[in-house]
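Have a look at the structure below, then the notes.
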Amino acid sequence: FRRVLFRSFTLQFFSIYFLLSLSRDSALLAFALFAFGAWWQSFEKKGWIRFFWITISIGSLIIGASFRPWLSLSLLFIVLALNQIKQNFSLRLKSFWIYLATGIAIIALPIGIDQSFHRALSLQKSYPEQQVFIMDIASMACLSADSTQTEKSLEVLQPISTSKALSKGDLCTQYYPQNWASVVFYGAPKGVAPAINMVKVGDIETYNKLRNGWSSLVTHQIPSYIQTKIMLGSQFLLAGESPNFAHKSLRSIVVLPFETAKALRLFSALPILALLIALSSLQRNRKESRRFILFVSLFYLSFLVISIIAFIGDNQRYILPGSILVYLLIFLKSQRESHA
């Protein structure tokens, strides 16, 4: 009982502390956790009440995904994993269209919600995806040994360059593979202008040039693009984030366990993947458990791959929600089996 209580408290503490960061990633985690609770609640009900709680659970996942719409595909596997813990439906062919509609809703509605709020609030477009474009293009320019590809990459970045003719020296002396912002904000030596600027709010013409150039570069250099993504994404294996161990206040002492977990890289991809491999090898003869591990693994792998495609930095917080959800799913499954 003490071991269970400790694990439960630890997961709750890490989750709550991250939620208090009030970021888009923490909002995704918050709604996902509520979805877990609603799913658990639905299992104790019958008829329309059960259907109501299932709808609340899936609806919460959809709302959470609207803060990171590109991750919505991975949340399909969350539903399947939860169903292996507490089964609310069986995968029968006659219910195919219901499952298909639910899957489409989980994937498509987050994008719709995101765009609807943009229009309702009359927000000006700031083109946040340009961060991915800048990271990809700068990486292909600076990490490639192909001079032709480097030149093409520099040409794509020229519309947002601070110099008349952007050179590899100008760009790559400021480039750090850990973060896209190095070539825009902090990579330049003191007194030297940054290599490039961000596209300004509302500057659709420059944005289109950058987006179209990025698309053309990736399309014509697919092997190099994949290689670049592998190099950048490998940083998630032991994702970095500077812990704060300065004991200057009561708060710094309270959050010490979370800072220690960050320093040990417990929310990085490598520990999670190792855990999933270990659990998979231990569940070879149990069909239900194997299926559960499969769905959890598909969730985390898809979450990780999408995060790598959208890579803009090696900060742990980009994959931390997925890591916490994996830990929580495994904890809930172990609790379910212990009471079976």
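Worth knowing before you read on, the calculation uses all heavy atoms, side chains too, and leaves out hydrogens, waters and symmetry mates. Everything numeric here is computed off the predicted structure, so don't read it as measured data.
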(request) Determine, step by step, whether N315 and L320 satisfy the side chain to side chain contact (heavy atoms under 4.5 Å, CB included) criterion, reporting the C-alpha distance in whole Å, the side-chain angles of both residues, the deciding distance to 0.1 Å, and the verdict. (result) CA-CA 9 Å; N315 196 304; L320 190 146; over 6 Å; no

Between atom [atom1] of [X] and atom [atom2] of [Y], what is the distance when rounded to the nearest 0.5 Å?
| X | Y | atom1 | atom2 | answer |
| --- | --- | --- | --- | --- |
| S72 | I111 | OG | CD1 | 5.5 Å |
| N179 | I312 | CG | CD1 | 7.0 Å |
| S74 | I107 | OG | CD1 | 10.0 Å |
| L100 | I104 | CG | CD1 | 4.0 Å |
| N208 | I204 | CG | CD1 | 4.0 Å |
| S147 | K168 | OG | NZ | 8.5 Å |

Ignoring hydrogens, what is the shortest heavy-atom contact between [X] and [Y]? Give both atom names and the distance.
| X | Y | answer |
| --- | --- | --- |
| T206 | P159 | CG2-O, 4.1 Å |
| I137 | S153 | CG2-O, 3.3 Å |
| V184 | P194 | O-CB, 3.2 Å |
| G313 | Y318 | O-CD1, 3.5 Å |
| I56 | A38 | CG2-CB, 3.9 Å |
| A195 | L166 | O-CD1, 4.0 Å |

(message) Could you check whether atom CD1 of I49 has more than 12 heavy atoms from other residues, nucleotides or ligands sitting under 6.0 Å from it?
(response) no

(request) Return yes when atom OH of Y186 has more than 12 non-hydrogen atoms of other residues, nucleotides or ligands closer than 6.0 Å, and no otherwise. (result) yes

Do we see a donor-acceptor contact under 3.5 Å between the side chains of [X] and [Y]?
| X | Y | value |
| --- | --- | --- |
| S167 | D170 | yes |
| Y207 | E129 | yes |
| Y175 | S139 | yes |

Between the main-chain N or O of [Y] and the side-chain N or O of [X], is there a donor-acceptor pair closer than 3.5 Å?
| X | Y | result |
| --- | --- | --- |
| Q174 | A193 | yes |
| Q149 | Q221 | no |
| S144 | A141 | no |
| Q158 | S163 | yes |
| K333 | I293 | no |
| S57 | A35 | yes |
| S215 | R211 | no |

(request) Among L332, V326, I330, find the residue that satisfies the side-chain contact (heavy atoms from CB on, under 4.5 Å) test when tested with L328. (result) L332

I'd like to know if [Y] and [X] are part of one continuous hydrophobic network [Ile/Leu/Val/Met/Phe/Trp/Tyr, side-chain heavy atoms within less than 4.5 Å].
| X | Y | result |
| --- | --- | --- |
| F18 | F31 | no |
| L298 | I308 | yes |
| I63 | I324 | no |
| L61 | W53 | no |
| L301 | F303 | yes |

Is the closest side-chain heavy-atom distance between [X] and [Y] below 4.5 Å?
| X | Y | value |
| --- | --- | --- |
| L276 | V296 | yes |
| F311 | D314 | yes |
| M135 | L232 | yes |
| T228 | S224 | yes |
| Y300 | I319 | yes |
| V132 | I309 | no |
| I272 | L304 | no |
| W214 | M140 | no |

Using ring centroids (six-membered ring only for Trp), state whether [Y] and [X] fall under 6.0 Å.
| X | Y | answer |
| --- | --- | --- |
| F133 | Y127 | no |
| F331 | Y327 | no |
| W39 | F36 | no |

(request) Give the intermediate values and the outcome of side chain to side chain contact (heavy atoms under 4.5 Å, CB included) for residues V79 and L75. (result) CA-CA 7 Å; V79 176; L75 298 186; over 6 Å; no

(request) Give the C-alpha distance, both sets of side-chain angles, the deciding distance and a yes or no for side chain to side chain contact (heavy atoms under 4.5 Å, CB included) between I54 and R50. (result) CA-CA 6 Å; I54 293 174; R50 171 179 284 194; 3.8 Å; yes

(request) I would like to know whether W180 and Q130 meet side chain to side chain contact (heavy atoms under 4.5 Å, CB included); could you show each step before the answer? (result) CA-CA 10 Å; W180 73 278; Q130 69 175 296; 5.9 Å; no

